[in-house]
Amino acid sequence: LIAEVQDAAKLLASSQRICVLTGAGISAESGIPTFRDKQTGLWENYHAEDLATPTAFARDPKLVWSWYQWRRELVADKTPNPAHVALAQWQQHIKANHQQLTLITQNVDDLHEQAGSTVSHLHGNLWRNRCSQCKAPYQSNPEGSSNSENDTDFTDTLITCQHCGGYIRPDIVWFGEALPVQAWQTAEDAAASCEVFISIGTSSLVYPAAGLAQLAKHNGAKIIEINPNPTPNTVVDTTLAEKAGVIMPALIQAINKL
Ligand code: NAD
Ligand code: APR
């Protein structure tokens, strides 16, 4: 693996534009369970697909809020792990070399931001709320980060929007919903113009995020995948089959040594 990390470091050090896509796996070592690894904890008899959908919310908004309240409590005390930190440090260095690193995440936690990264969220932000009808933001923390004092517990009393009366919901992209236009545009542009595309901690099962690697490949980019388990991503050139918390610090160290 050392040789592959060295080779990847050489490739990255000589690339002008780099695109990084992260999934739940990059937060696994911070203690946040992923979606499709063996689930533990209170809700393992539910699936994200049964709760994270507009239909589920329309049918039983309190149940959906309970799940998000549980996820907020689960995430609130979690901190960035070495993978988030290495990525944020790399993002700082890379500016000095006039290289461009675009970080895109499918995650709804704010660990990339906590580590100091600039990141685009394809699936929303666990700490933001909005109206389910008119989409007006509701009592969102401006920076979208987890500060519990103004984090209302919506489970007991459903809050309605003061503009249109719709129920307030988490500002998360649910199954079947369109992605935020700006974030998706940023992701498409970066994947279509990068020289190297790195996929970290995603099962590459859910579209359109899973299609970004193919878009990058189509544009001639080299594809690197960091994931201890195999994925259906067919365009990968280099697989670093190890945890992100191990690979990312080693990769950044190797780049800095070049
Ligand atoms: P999907 O197959 O329904 O497609 C998602 C949406 O992406 C589509 O409705 C479409 O609007 C858009 N889309 C698809 N291909 C596109 C393309 N090429 N260009 C632009 N937009 C495109 O996806 P899904 O599996 O039903 O999930 C919808 C989204 O919600 C996914 O991105 C999923 O990861 C996300 N999600 C988030 C959570 C969470 O808790 N964070 C849970 C479930 C789903
Ligand atoms: N380092 C790197 N990868 C890891 C680690 C780790 N320490 N631990 C687990 N993984 C990998 C797993 O092997 C798996 O391939 O992370 C991946 C997690 O996959 P999922 O649980 O499917 O999470 P993700 O790919 O982010 O899901 C995509 O689906 O439910 C929706 O919107 C939700 O954003 C989510 C999307």
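Whatever order the structure lists them in is the order used to number ligands and atoms, beginning at 1. Small disclaimer: the values here were computed from a predicted structure and weren't measured.
- Shown here for Val173 and Ala178, the closest heavy-atom pair between the two residues is CG1-O, 3.6 Å.
- When each atom of ligand 2 is checked for a heavy atom of Ala244 under 4.0 Å away, the hits are 1 (N), 2 (C), 6 (C).
- Checked by distance only, ligand 2 and Asn229 come closer than 3.5 Å through their nitrogen or oxygen atoms.
- Near Ala28, with a cut-off below 4.0 Å to any heavy atom, the atoms of ligand 2 are 8 (N).
- Salt bridge absent: Lys78 and Glu73 never bring a charged side-chain N and a carboxylate O closer than 4.0 Å.
- Using a distance-only test at 3.5 Å, with no hydrogens or angles considered, no donor-acceptor pair links the side chain of Asp110 to the main chain of Glu113.
- A salt bridge is absent between Asp109 and Arg71; no separation between the charged side-chain nitrogens and carboxylate oxygens falls under 4.0 Å.
- Residue-level proximity to ligand 2 for Gln106 is carried by backbone and side chain together, each with a heavy atom below 4.0 angstrom.
- Ligand 2 has no N or O atom lying under 3.5 Å from any N or O atom of Lys243, backbone or side chain.
- Those atoms of ligand 2 with a heavy atom of Gly23 less than 4.0 angstrom away are 26 (O).
- Distances between N or O atoms of Pro228 and those of ligand 2 include no value under 3.5 Å.
- For ligand 2, none of its N or O atoms has an N or O atom of Ile26 under 3.5 Å away.
- By the rule that hydrophobic residues join a cluster once side-chain heavy atoms approach within less than 4.5 Å of another member, Val75 and Val108 end up as members of one cluster.
- Using a 4.0 Å cut-off to heavy atoms of Ala24, the atoms of ligand 2 that qualify are 23 (O), 24 (P), 26 (O).
- With respect to the salt-bridge test (charged N to carboxylate O, under 4.0 angstrom), the residues Asp171 and Arg130 qualify.
- For a threshold of 3.5 Å applied to N or O pairs, the pair formed by Thr231 and ligand 2 contains no separation below that value.
- Here is the list of ligand 2 atoms found below 4.0 Å of a heavy atom in Glu29: 1 (N), 6 (C), 7 (N).
- When non-hydrogen atoms are compared, ligand 2 lies under 4.0 Å from the backbone of Ser203 as well as from its side chain.
- Within ligand 2, counting atoms from 1 as listed, the ones closer than 4.0 Å to a heavy atom of Phe175 are 30 (O), 31 (C).
- Between Phe57 and Tyr167, the ring planes are perpendicular. Angles over 60° get that label, and only those under 30° would be called parallel.
- Counting heavy atoms closer than 4.0 Å to ligand 2, residue Val206 contributes side-chain atoms (C-beta onward) but none from N, CA, C or O.
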Exercise. Could you go step by step and tell me if Gln91 and Ser117 meet the side chain to side chain donor-acceptor pair (under 3.5 Å) rule?
Worked result: CA-CA 7 Å; Gln91 226 175 356; Ser117 275; 3.0 Å; yes
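- Side-chain atoms of Glu225 and Asn227 form no donor-acceptor pair, as typed in the model, at a separation below 3.5 Å.
- Thr231 and Ser203 share no donor-acceptor pair across their side chains, judged by distance under 3.5 Å alone.
- In terms of polar-atom proximity, Asn227 is counted as a contact of ligand 2, with an N or O under 3.5 Å from an N or O of the ligand.
- Residues Trp65 and Arg72 approach most closely at CZ3-NH1, 3.6 Å, considering heavy atoms.
- Backbone and side-chain nitrogen or oxygen atoms of Gly201 are examined, and one is located within less than 3.5 angstrom of a nitrogen or oxygen of ligand 2.
- Within ligand 2, the atoms closer than 4.0 Å to a non-hydrogen atom of His123 are 32 (O), 34 (O), 35 (C), numbered from 1 in the order shown.
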